[in-house]
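Here is the structure we will look at, set down as structure tokens.
Note that these values count all heavy atoms, side chains included, but never hydrogens, waters or copies made by symmetry.
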Amino acid sequence: QVQLVESGGGLVQAGGSLRLSCAASGRTFSSYHVGWFRQAPGKEREFVAAISESGGRTSNGDSVKGRFTISRDNAKNLVYLQMNNLKPEDTAAYYCAAAGRWGLITSTRGYRYWGQGTQVTVSS
């Protein structure tokens, strides 16, 4: 069992930066791939980024490439999402998820555990 808690969301102006954190409980966290997704009102949950269990592989969604970076610290059971050059269209609730299968890393179907989300709002 893995429990996930996101933090770091907030209100930021366009062009600004935020760093989201995903804190995990459970001794086996380092054996799971972890992904970030986001969901804006009235829209489907969208893949943002993912990182393999060791941190050796990453994947980013097309809309955030070159702006967002995912990383992890397995010693602290933390995964981060550094978001730079934020745009109003990045406004959404951001969720981390764990236990993904790498072949389904961009799909919500590939994940077993989900956090409750943290809101990111980017003003123009």
Side-chain angles (χ1 to χ4, degrees):
Q1 186 78 11
V2 175
Q3 293 183 327
L4 304 171
V5 178
E6 303 93 338
S7 62
L11 174 64
V12 64
Q13 289 187 333
S17 298
L18 282 175
R19 188 176 79 159
L20 304 184
S21 298
C22 174
S25 64
R27 295 176 297 170
T28 58
F29 178 68
S30 61
S31 65
Y32 295 131
H33 308 313
V34 175
W36 283 96
F37 288 75
R38 67 186 182 186
Q39 189 166 19
K43 295 188 176 181
E44 293 187 353
R45 197 163 291 192
E46 174 192 16
F47 171 71
V48 175
I51 189 165
S52 63
E53 75 280 21
S54 67
R57 288 183 292 178
T58 62
S59 178
N60 281 53
D62 289 340
S63 60
V64 305
K65 282 181 179 177
R67 300 188 299 123
F68 291 12
T69 303
I70 189 170
S71 61
R72 69 189 296 164
D73 185 340
N74 283 340
K76 297 181 179 179
N77 276 11
L78 287 168
V79 172
Y80 304 103
L81 184 68
Q82 178 66 45
M83 306 187 296
N84 297 329
N85 190 22
L86 283 160
K87 304 176 181 180
E89 51 263 43
D90 294 319
T91 295
Y94 283 71
Y95 301 88
C96 68
R101 297 166 50 191
W102 195 255
L104 290 174
I105 209 72
T106 63
S107 170
T108 57
R109 295 181 293 113
Y111 295 83
R112 180 183 302 177
Y113 304 111
W114 290 85
Q116 293 301 307
T118 186
Q119 179 67 34
V120 171
T121 302
V122 184
S123 63
S124 57

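Applying the side chain to side chain contact (heavy atoms under 4.5 Å, CB included) criterion to Ser71, with sequence neighbours excluded, gives Tyr80. For Arg101, the side chain to side chain contact (heavy atoms under 4.5 Å, CB included) partners two or more places apart in sequence, or in a different chain, are Leu104. Scanning for side chain to side chain contact (heavy atoms under 4.5 Å, CB included) contacts around Ala50 gives Phe47, Trp102, Ile105, Tyr111, with sequence neighbours left out. In this structure, Lys43 has no salt bridge (Lys or Arg N to Asp or Glu O under 4.0 Å) partners at least two apart in sequence or on a different chain.
Closest of all the heavy-atom pairs between Leu78 and Phe29 is N-CE2, 4.0 Å. Listed here is the closest heavy atom pair of Ser124 and Pro88: CB-CG, 3.9 Å. Between Ile70 and Trp36, the shortest heavy-atom distance links the atoms CD1-CD1, 3.5 Å.
For the 3.5 Å distance criterion, the side chains of Ser63 and Glu46 qualify, holding a donor opposite an acceptor.
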In residues 2-26, what donor-acceptor pairs under 3.5 Å come from side-chain atoms, sequence neighbours left out?
{"residue": "Glu6", "atom": "OE1", "partner": "Gln116", "partner atom": "N", "Å": "3.1"}
{"residue": "Glu6", "atom": "OE1", "partner": "Gly117", "partner atom": "N", "Å": "2.8"}
{"residue": "Glu6", "atom": "OE2", "partner": "Cys96", "partner atom": "N", "Å": "2.9"}
{"residue": "Glu6", "atom": "OE2", "partner": "Gly117", "partner atom": "N", "Å": "3.3"}
{"residue": "Ser17", "atom": "OG", "partner": "Asn84", "partner atom": "OD1", "Å": "2.9"}
{"residue": "Ser25", "atom": "OG", "partner": "Gln3", "partner atom": "N", "Å": "3.2"}

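For residues 84-98, the pairs satisfying salt bridge (charged side-chain N to carboxylate O under 4.0 Å, His left out) are Arg38-Asp90, Arg67-Asp90, with sequence neighbours left out.
For Asn74 (side chain) and Val79 (main-chain N/O), no donor-acceptor pair under 3.5 Å exists by modelled atom type.
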Q: Carefully, step by step, assess Met83 and Thr69 under the rule side chain to side chain contact (heavy atoms under 4.5 Å, CB included).
A: CA-CA 7 Å; Met83 306 187 296; Thr69 303; over 6 Å; no

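Separating the CG atom in Leu81 from the CZ atom in Phe37 is a distance of 12.0 Å, to the nearest 0.5 Å. With values rounded to the nearest 0.5 angstrom, Glu53 atom CD is found 11.5 Å from Tyr32 atom OH.
Under the 4.5 Å side-chain heavy-atom criterion for ILVMFWY residues, a single connected hydrophobic cluster contains both Val48 and Val120. Hydrophobic clustering of Ile, Leu, Val, Met, Phe, Trp and Tyr side chains at less than 4.5 Å, counting indirect connections, unites Tyr113 with Val34.
Environment of CZ in Arg112: sparse, with no more than 12 heavy atoms of neighbouring residues, nucleotides or ligands closer than 6.0 Å.
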